[in-house]
Amino acid sequence: ACGAAANKEAMSAGDMYYDAPMATEAATELKTESGSGTALPANRKLIRTIRMDAETEDLNTLLDGLNARIAELGGYVEAKNLHNGSAYSGYRRRTLSMTVRIPAARVDEFVAQVGENTNVVSSTETVDDVTLQYVDTESHVTALETEQTRLIELLEQAKDLEDILKIEDRLTDVRYELERYASYLRTLENQVSYATVNLSITEVKEYTPVVEEEPTMWERIATGFGRSLKDIGE
């Protein structure tokens, strides 16, 4: 009888994760601003991604300065590709592509320095709000941790071999799910804590001029023809 009771309780505990609501009050009340319910909290989980295309007249000096600034801000280079140009490809300009991770609280300082030391041709930024995913995942983790604790208690009380095997089997599944959700939480936290800056920098002899007004068709043709002649000369 004791074994049957433990087995029944273990199966109930096993179902708890699937039947339980998204745990905390925050998850229950948290809804999008466009819908009903409580507005999203001020401390949102935002993932910032910035892309900058820029020009420099001295790529080596710029790269040294960027590396020093990245270290100063507590960031790191996630990926880097330096191309020194090739006579075979017909493209002799040196280019640098970098993916930089900067603490979100200081990423604007880094972007400002890039703007001060280069000619920024284009710049875009996207912000992904993952607050709901974060709270939802936290709720799953909380429910799984509660279930794991209860399963361990049941395992200590179980006498019947069949009950023990079923509880251990469910405990293995819970621990796997717990690690999976915990890993996803860590990934989200890293993306939120460190903004991503994708840099594409070209070394040039002359900066691309900033066009204040939309050029006419004939101006665009003349500019394109002039650049073509210059490229041929180079």
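Considering only heavy atoms from C-beta on, R94 comes within 4.5 Å of N60 through its side chain. Considering only heavy atoms from C-beta on, R170 comes within 4.5 Å of E147 through its side chain. Side-chain contact between E138 and L188 is absent, with no heavy atoms from C-beta onward closer than 4.5 Å. Contact of the S183 side chain with the R186 side chain is registered, since non-hydrogen atoms from C-beta on lie closer than 4.5 Å. The closest side-chain heavy-atom distance from T99 to T196 is below 4.5 Å. Taking 4.5 Å as the limit, some side-chain heavy atom of L66 sits within range of a side-chain heavy atom of V114. Proximity of E109 to R69: side-chain heavy atoms (C-beta onward) are separated by under 4.5 Å at one or more points. Residues K45 and E189 are in side-chain contact: their nearest non-hydrogen atoms beyond the backbone lie under 4.5 Å apart.
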(message) Under the criterion side chain to side chain contact (heavy atoms under 4.5 Å, CB included), I'd like the reasoning laid out for E203 against L62: C-alpha separation, chi angles, the key distance, then a yes or no.
(response) CA-CA 10 Å; E203 187 177 53; L62 176 67; over 6 Å; no
(request) For side chain to side chain contact (heavy atoms under 4.5 Å, CB included), just list the numbers for L178 and V141, CA-CA rounded to whole Å, side-chain angles, deciding distance to a tenth of an Å, and then say yes or no. (result) CA-CA 6 Å; L178 187 58; V141 170; 3.8 Å; yes
(message) For a side chain to side chain contact (heavy atoms under 4.5 Å, CB included) check, start with the C-alpha distance between I152 and L171, then their side-chain angles and the critical distance, and finish with the verdict.
(response) CA-CA 8 Å; I152 292 174; L171 188 57; 4.2 Å; yes
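Taking CZ of R180 as the reference point, atom CD of E177 lies at 4.0 Å (rounded to 0.5 Å). A distance of 11.5 Å separates CG of D163 from CD of Q157, quoted to the nearest 0.5 Å. Atom CD of Q113 and atom OG1 of T118 lie 10.0 Å apart (nearest 0.5 Å). Rounded to the nearest 0.5 angstrom, H83 NE2 and L59 CG are separated by 11.5 Å. Once rounded to the nearest 0.5 Å, the distance linking CG of L96 with OG1 of T56 reads 10.0 Å. Separation of atoms OH (Y184) and NE2 (H140) is listed at 10.5 Å; rounding is to 0.5 Å.
A salt bridge is absent between R175 and E179; no separation between the charged side-chain nitrogens and carboxylate oxygens falls under 4.0 Å.
L199 and L63 fall within a single hydrophobic cluster, where Ile, Leu, Val, Met, Phe, Trp and Tyr side chains are chained together by heavy-atom contacts under 4.5 Å. Under a hydrophobic clustering in which Ile, Leu, Val, Met, Phe, Trp and Tyr are joined whenever their side-chain heavy atoms come within less than 4.5 Å, directly or via other members, L82 and V197 fall into the same cluster. Under the 4.5 Å side-chain contact rule for hydrophobic residues, Y194 and F110 do not share a cluster. Clustering ILVMFWY residues whenever any of their side-chain heavy atoms sit less than 4.5 angstrom apart, transitively, puts V127 in a cluster other than the one holding V192.
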Show me the donor-acceptor pairs, under 3.5 Å and distance only, between side chains in residues 47-55 and residues at least two apart or in other chains.
| from | atom 1 | to | atom 2 | distance (Å) |
| --- | --- | --- | --- | --- |
| R48 | NE | E125 | OE2 | 2.6 |
| R48 | NH2 | D108 | OD1 | 3.0 |
| R48 | NH2 | E125 | OE1 | 3.4 |
| R48 | NH2 | E125 | OE2 | 2.9 |
| R51 | NH2 | D53 | OD1 | 3.4 |
| D53 | OD2 | S122 | OG | 3.0 |
| E55 | OE1 | N119 | ND2 | 2.9 |
| E55 | OE1 | T208 | N | 2.8 |
| E55 | OE1 | T208 | OG1 | 3.4 |
| E55 | OE2 | T208 | OG1 | 2.5 |

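The side chain to side chain donor-acceptor pair (under 3.5 Å) test applied to Y76 returns R101, not counting sequence neighbours.
With hydrogens and angles ignored, the 3.5 Å screen pairs no side-chain donor or acceptor of D136 with any backbone N or O of L132. Under the 3.5 Å distance criterion, the side-chain polar atoms of D169 are left unmatched by any main-chain donor or acceptor of L165.
Of all non-hydrogen atoms in L73 and P103, the two that sit nearest each other are O-CG, 3.3 Å. The minimum heavy-atom distance between I167 and A158, with the atom names listed, is CD1-CB, 4.0 Å. A pairwise comparison of heavy atoms in M98 and K80 identifies CG-CG, 3.9 Å as the closest pair.
Through direct or relayed side-chain contacts under 4.5 Å between Ile, Leu, Val, Met, Phe, Trp and Tyr, Y207 connects to V204.
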